[in-house]
Undergrad: 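After the structure tokens below, expect a handful of questions from me.
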Amino acid sequence: MEKILVTTDLSAKSKSAIQFAITMAKSRKAELIILHVYHLTRPFKWTDEEYNEYWQRFKNRTMRKLTAFTAELFGTAGPGVPCQMVLHSNIDVVDGIMEYADKHDCAYICISTRGAGRLKKLFGTHTSKLISHSAVPVLAVPSFYHLLELKHILYATDMMDYERELEKVVAFARPIGADIDMIHIAYPHEFQPTEQIITDFVEKKLNYHVNIIERERNITHTLLEDLDAAVKANKPSLLALFTHQSKRLLDKLLLPSNAKVYSFYSKVPLLTFSKTESNK
């Protein structure tokens, strides 16, 4: 059974990711894992017995908090999917998330973004690090995202490895029956496969329909501005990107010094696949 991991710091801003993950697990008939990564500092003078007693009390108290926190989101009917709540110890939160996801073969990681302000505030250091380094696909969900049915995926590509990428995007879309729009924002002189070549590949090999969108770069805009305009025009329920496009797109997207706030950051969940994942 597919496993979907969602991480929480027990704050209100993490609720959107949990709600998103619950809905996703139901639609994909997947197991849901709700993960809280913690770290306890051990006083030098404590004995093993003293520390173990404190550690056990902390775990019991934190698990009660996690159970109460998620119960509110599940409602009276419960999660409706196989679900487990997990406490995992690691000095670094993101390393702990990736360590657990890899060890337990999780298919996707869901995490909330912070929702406002500069990029560091929008993504938070945890989300941006996770997107940059996780081999497991990451779903970044805006903290004030209003839950909608995932019916329309916009997959933005640089066309460098679109066949392998499409396999991953289709694997995500197929269980939920989502439509896929594949968009390449390019200058007029850039070479790209014809729509017929792409359509033949998708329909024959993947047995899935993908709508191809060609959009010319605006020479007065950055690539992110062009992507932002495409999202506004397309109105997807999710945007999919691959991190091997980082030099062209994701490095700029995650750069803390980039003060421009693009609208899709705060409105549309972002699905990112790593270069490692795309080449598996």
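Every value quoted in this text rests on a predicted model; they were computed, and no experiment measured them.
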Undergrad: Any side-chain heavy-atom pair from Thr70 and Met85 closer than 4.5 angstrom?
TA: yes
Undergrad: With a 3.5 Å distance limit and no angle check, can you tell me whether Thr272 reaches the backbone of Phe242 through a side-chain donor-acceptor pair?
TA: no
Undergrad: Evaluate the salt bridge (charged side-chain N to carboxylate O under 4.0 Å, His left out) criterion for residues Glu72 and Lys15: first the C-alpha distance (whole Å), next the side-chain angles of each, then the deciding distance (0.1 Å), finally the verdict.
TA: CA-CA 10 Å; Glu72 174 190 344; Lys15 290 182 178 180; 3.3 Å; yes
Undergrad: Looking at Lys205 and Glu163, is there a salt bridge between them, counting it only when a charged N and a carboxylate O are closer than 4.0 Å?
TA: no
Undergrad: For the residue pair His209 and Asp179, confirm or rule out a side-chain donor-acceptor distance under 3.5 Å.
TA: no
Undergrad: Considering non-hydrogen atoms only, spot the tightest contact between Ile183 and Ala230 and give its length.
TA: CD1-CB, 3.6 Å
Undergrad: If the condition is ring-ring contact (aromatic ring centres under 6.0 Å, His included), which residues does Trp46 pass it with, not counting sequence neighbours?
TA: Tyr54
Undergrad: Can you confirm whether Leu87 is buried at CG, in the sense that more than 12 heavy atoms of other residues, nucleotides or ligands lie under 6.0 Å from that atom?
TA: yes
Undergrad: Set out, in order, the CA-CA distance, both residues' side-chain angles and the distance that settles side chain to side chain contact (heavy atoms under 4.5 Å, CB included) for Asn90 and Tyr100, then state yes or no.
TA: CA-CA 10 Å; Asn90 195 297; Tyr100 188 92; over 6 Å; no
Undergrad: Of the non-hydrogen atoms in Ser237 and Pro269, which two are nearest, and what is the gap between them?
TA: O-CD, 3.4 Å
Undergrad: Quick one: CG on Asp158 to CD on Glu165, what's the gap to the nearest 0.5 Å?
TA: 6.0 Å
Undergrad: Taking the side chain as everything from C-beta on, heavy atoms only, tell me whether Val169 gets closer than 4.5 Å to Ile180.
TA: yes
Undergrad: Does the side chain of His88 come within less than 4.5 Å of Glu99's, by heavy atoms?
TA: yes
Undergrad: Roughly how far, to the nearest 0.5 Å, is the CD1 atom of Ile153 from the CG atom of Asp181?
TA: 10.0 Å
Undergrad: Does the Asn52 side chain pair with the main chain of Asp48, one donor and one acceptor, at a distance under 3.5 Å?
TA: yes
Undergrad: Are the side chains of Val136 and Met98 in touch, meaning some heavy atoms are under 4.5 Å apart?
TA: no
Undergrad: Is the shortest heavy-atom distance from the side chain of Phe172 to the side chain of Leu271 under 4.5 Å?
TA: yes
Undergrad: Hey, could you give me the SG/CG distance between Cys110 and Leu5, rounded to the nearest 0.5 Å?
TA: 8.0 Å
Undergrad: With Asn60, which residues qualify under side-chain contact (heavy atoms from CB on, under 4.5 Å), at least two apart?
TA: Gln56, Arg64
Undergrad: Between Asp92 and Asp95 (side chain of the first, backbone of the second, donor and acceptor by atom type, cut-off under 3.5 Å), is there such a pair?
TA: yes
Undergrad: Is a side-chain donor or acceptor of Lys235 paired with a backbone partner of Lys232 at a separation under 3.5 angstrom?
TA: yes
Undergrad: Can a donor-acceptor pair be found between the side chains of Ser16 and Ser112 at a distance below 3.5 Å?
TA: yes
Undergrad: Give a yes or no answer on whether the side chain of Ser14 reaches the backbone of Ser11 with a donor-acceptor pair at less than 3.5 Å.
TA: yes
Undergrad: Do Leu66 and Thr8 make a side-chain contact, defined as non-hydrogen atoms from C-beta onward lying under 4.5 Å apart?
TA: yes
Undergrad: Just checking, is any N or O donor in the side chain of Ser143 or Tyr145 under 3.5 Å from an acceptor N or O on the other one?
TA: no
Undergrad: Working to the nearest 0.5 angstrom, can you tell me the gap between Glu167 CD and Phe273 CZ?
TA: 11.5 Å
Undergrad: Are Gln84 and Ile34 packed together at the side-chain level, in the sense that at least one heavy-atom pair is separated by less than 4.5 angstrom?
TA: no
Undergrad: Are the side chains of Leu139 and Ile111 in contact, using a 4.5 Å heavy-atom criterion?
TA: no
Undergrad: Classify the ring geometry of Phe58 against Tyr38: parallel below 30°, tilted from 30° to 60°, perpendicular beyond 60°.
TA: tilted
Undergrad: Which value, rounded to the nearest 0.5 Å, describes the distance between His184 atom NE2 and Ile212 atom CD1?
TA: 12.0 Å
